[in-house]
Structure formats: C-alpha cells, structure tokens
Amino acid sequence: MGEECAEVVVRINHPRLDRVFHYRIPEGTEKPQPGSRVTVPFGPRTVEGWVIGYSEPDPEISLREIAGITDVEPDFTEELLELARWMSGYYLHPMGEILDKISPPPKPKRPIQVFASPPVSPKVQPHELVLTVEQQIALDKIKKSLLCRDHSRFLLYGVTGSGKTEVYLRAAEAALVAGRQVLYLVPEIGLTPQKKQIFQERFGEQVAVWHHRLAGREKYRTWEGVRNGKLRVLIGPRSAVFAPFCELGLIIIDEEHDSAYKQQEKPYYHARQVALWRARYNSAAIILGSATPSLESYASAAWGRMEVLSMKKRPAGRSLPVVNVVDLRQEPAGRLSFLSEYLIEQIRLRLERKEQVILFLNRRGFAPLIYCPVCGDVIKCKNCSISLIYHKQTKDLRCHYCNAVRPLPGSCPSCGSTKKLRFLGVGIQRVEKEIVNLLPEARVVRLDFDTTRRKGDFQRILGSFARREADILLGTQMVTKGHDFPGVTLVGVLNADLSLNLPDYRSAEHTFQLLKQVSGRAGRGATPGEVVVQTLNPNHYSIRTACLGGDEFFYREEAYRRRSLGYPPLAI
DNA sequence: AGCACGCCGACT
DNA sequence: GTCGGCGTGCTC
C-alpha cells in the first residue's frame, strides 16, 4: 500500500520539467496545504517549487522528502492553482513558470502598516444622477444576475459617451452590497489614477489599484488586502486579473476590444479569457464593455454565449458627432497633401469660436522615409531592415521597431553621394510644423511617444489641454484613449488609411475601432461635435461604416471575410 | 535549466 | 598517470 504524497511543480522553466514530481512528507511534519511554496531535493541540488496537490505515486520510483516549507501561508488559493493548471494546458506553457509569474509579491522586510479600520459594511456615497432608459435596463439585468449568482456574461455595447462608467459604478455598488468583491480591468496602467479617483469618490477606501510598477510595500499591502477581503474593489491592467480575491462577485473589462489585454510575452495569455475563466469559477457576473467590441466578443454574443446590453444614445443634451469624410484623391494638387482645405477651414472656425480641436495621425516622427536622390536607396535599420524615421527635435534617425538611434548621415551610406538626402511621407512632427506655420495664432500641444518620455509628461500635456491652455491637441494613438474634453468640438483624422494597410488580418477591425474611438472624443460637452476623416479609401467598408454608422454591417462583412479566409474567430 | 558522469587528447 | 574539453542523460 502506498501513501498520499505531495505533488510538486518545480520553479524551473524547462519543458522537460513541466510535470509533477512526488515527495514524501517528513515524519512529524504537517502536510503543507496545496499552493504552499517548498524547497525540495532535485537531483544533485535543492530547488524551489509548489505543492499543487496530493496523490499516490507510482510505487516503482523511490521518493525523497520535502526539504522545507517556505511559508505557513500558501502562495496560491485553490482557485489560482486551478487557474494556473488551466492556463498551462490552454496556452501550452510550463506550469512552473506560470506559478512563478503569478506568485504573490515578496513580504517587505520591515513590518507592514495594516489598514486602519476595515469598512464593516460597504460605504456608498449617495448619487443623484438620473440614468437613461438604456442604462437602467442594462443595470437591472446585471443586478438580477448578481443576486442569482448565475454567472452571466454581458457585452455592454455602448457608444462613446453613452455612460458606461455610470453602469459600471452602479453594478459595482450592487456587488458590494451583496458582500462580494469587484475587479475592474483597464487596458493600461496610465488609466488607473483617474478610474481610482472615480471609484473612490463613490466607495471610499475599500478601492485600490494594483499593477506591477507599484512599490514593494504598497504592492504587498494591496495583495494582502484583496486576499483577506479588506479591499473590495481592485482596479488594474491585465496583471490584476491574477489577484487573490476571496469573494469575487463582479468583473468589469473596460474597453474590452483593446489589444493591450493580451500579454505578448511569456507566459502568454489574454486577460479577457482569464477573466471569463475566473468569472465562471466564482459564479461571478462579468461585463465586457466597449463602443467597438472585438470581433471575438461580438461573435460570442451572436452565438449566445453572452448577453448584449446595448446603449445607443448619449444622455440628454449630448448628440453624437457628425462625421464628414474627405476624399484625399479629390483634393486639388496643393502644397499640403495631408491637410485638406475643408479640414483647415473647420480648424479655423473652431479657433475663432474659442473651441478645441484634436488632430490624430498614427505616425511618429517627422518623415517616415529617407532616401538618396542619386542611388534611390532608402535608409534602413541595421537590426530590423525597416526604414528609419527622421525625428526633427533630435535631428536623428530612429527605428520605431527596436528604438535604435543613429545620426542623420551627411552622405548616402549606400553610394557615398553627398547630395542632400530626401524625406518622403508625413509624420506627426511634420504636421505640427505645418500647423504652426499655417495657424500661428493657435496654441498647439503634441502628445506622442516622444513627448511623453519622462514620468508625468502624459498627465501634464493632457492636463494643460483640459484646462484649455492649448487649442489644438495633436497626437498619435495616445489621444484616442478614453479622455473626456468637453471643449473639443472638432476631431480630425489625418490619414485613416495608415492602420488599414498594415499587414494584419485584423487591420480592418482595428481601423474601424480606431475611427470610432477617436470620433468619440468630439462633442462631449454641450456643443455638438464634428469629425473629419481624411482618406484615400472612402468606400472601404470599415471606413464607411465607422463614419456613416451601421456597425452591424461592419461586423457582418468582417465576419464573412474572416470565415471565407479561414481567420479567427470564424475559422473552421 | 543545472549538474554529474563519461570518454578522449595534452600536459606535469 | 592526471586535467579538462563538452556530448549525454537525469531530476520524484
């Protein structure tokens, strides 16, 4: 007769060691709980690992004993162990590395400051805001599901400015009142401060933020708070999906279509997928919110795996912006190919009216292509073989793939000609220069990777624009993310084709999402907004539907194309 | 991944 | 007769 022995996964990232090793428990020692961190003899050395369960091993192999237990408290709850096991199979990744990456933060050396007095009952600030009919219907369904604990999945499909945040807040309130915890996921760490403020105004100190850049002490305190239930609402980016909740009742994934939810390095995972798993495990409700759902979620809803909560209207007094498409092919051959006469006219009008403008171009730098007029060679990155981009402020060439920097050469690196190298194409710095030339009275700020290198730059630039210290906000991708500027009445998309022509089967989806998201920045105040989209492809289905409406048409068309080409999520 | 074992060439 | 090159194989 054998005996129950500990199943141990070692903390070594190697495919050949991605399995369970059995160990005996030393005489007179208490069995470590599953999830406990242990040290075990392993061949000639001693290594760290985790007990993940107990079973009767093959009697043929001779067993060794566990050398020591690191901590009385297990590193993982039963749920997180189960989750790691699922991830290991689903993402085909060694369990040891997954456990390593989701293990709790180390205990600080000095004693930690304990939370003053835990809230006995959920404190909730009263709120007077009247919900729209659509908000009320959505909220009622979510609340009902929270009470039944029936693990409902909702796709909160609401246009930008329809008040999704208010629905999240009230759903969170319902979960708190029911005595359960809330996980609120956002795409980026940069979005956590504002969300924290919004949630804390209503729920007070039971709200916390978690992300990997927190300082050691704060990190540990938050982790502990979530584990022992003193913290009730956790806000964070994808890594927060591994927090050790004890009574998880509601998960909210804001901007669920955002690709930042996918971890692109080991261990690979998609936070949306992990969140769905945890919601099911905990019989928790889950809300995926977006104005532009991912094709995956849209399909999921169409297949009946999720319930759609649709919000098509903005609250009273706030209309959706008018979208005008400018066909760049019809522009008279003028000096500037990237600023149509119509757009310039509209910018002027807004400046006169003292309103604000956002201009969006998804390309950093001054000119994306530098070539020699003699031999025609384009200067490329030595590492990546993609063309280098000229940056005006630093007067150098930069690779946008590997971030390599080199000076602008005085002669052609290929043929040695000293004839002046030529710039081709338009980046955001070039637009800035032309706008300043064209509209010298306008106060312009630029928001991109290069102007936000130092800590606080991002908030500083956005803050000054929000205080109306600038008239025009010029930016890349960054300007599209969930900001609310009531003074903005015009959004210009300088080149809608950039994302459309990327070699990615999702480029049409990404273009559609980008256009709708950036359009949503217009007309958030009392004055109605306008969006001007410049494009060479005014008839492309993603541009047409994003500009003229008809989301269903876009999703149907895109689904049809994916299915015929065998691409996810409709591959057969 | 580590770490030991092992089996051949060049050195005291 | 010993030191050390890194190919092979194992880890409960």
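Lettering of chains follows the sequences in order, A, B, ..., and the numbering in each one begins at 1.
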- Can you check whether A:Leu388 reaches A:Arg398 side chain to side chain, under 4.5 Å on heavy atoms?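 They are not in contact (no side-chain heavy atoms under 4.5 Å apart), so the answer is no.
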- Message: Using side-chain heavy atoms (C-beta onward) and a distance below 4.5 Å, is A:Cys372 in contact with A:Ser414?
- Response: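 The answer is no, as the side chains (C-beta and beyond) never meet within the 4.5 Å cut-off.
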- Message: Using 30° and 60° as the class boundaries, would you call the ring planes of A:Phe199 and A:Tyr184 parallel, tilted or perpendicular?
- Response: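 Ring orientation, 0 to 90° scale: tilted.
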- Checking A:Asp448 side chain against A:Thr451 main chain: does a donor-acceptor pair fall under 3.5 Å?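 Present.
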- Would you check if the side chain of A:Arg24 reaches a backbone N or O of A:Leu63 as a donor-acceptor pair within less than 3.5 Å?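 Yes, A:Arg24 side chain to A:Leu63 backbone: donor-acceptor pair under 3.5 Å.
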- Report the residue from A:Ser294, A:Ser297, A:Ser290 that forms a side-chain hydrogen bond (donor to acceptor under 3.5 Å, both in side chains) with A:His257.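 Only one option passes, and that is A:Ser290.
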- Quick one: side-chain hydrogen bond (donor to acceptor under 3.5 Å, both in side chains) partners of A:Arg238, sequence neighbours excluded?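 Once residues adjacent in sequence are excluded, A:Arg238 has no partner under the side-chain hydrogen bond (donor to acceptor under 3.5 Å, both in side chains) criterion.
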Contact list (N/O, under 3.5 angstrom) for nucleotides 6-8 of chain C vs protein:
none

Would you tabulate the nitrogen or oxygen pairs shorter than 3.5 Å linking the protein to nucleotides 9-12 of chain C?
residue : atom : partner : partner atom : Å
C:dT11  : O3'  : A:Gly43 : N            : 2.9
C:dC12  : OP1  : A:Tyr23 : OH           : 3.0
C:dC12  : OP1  : A:Pro41 : O            : 2.9
C:dC12  : OP2  : A:Gly43 : N            : 3.3
C:dC12  : OP2  : A:Arg64 : NH1          : 2.6
C:dC12  : O3'  : A:His22 : O            : 2.7
C:dC12  : O3'  : A:Arg64 : N            : 2.6
C:dC12  : O2   : A:His22 : N            : 2.9
C:dC12  : N4   : A:Arg19 : NH1          : 3.2

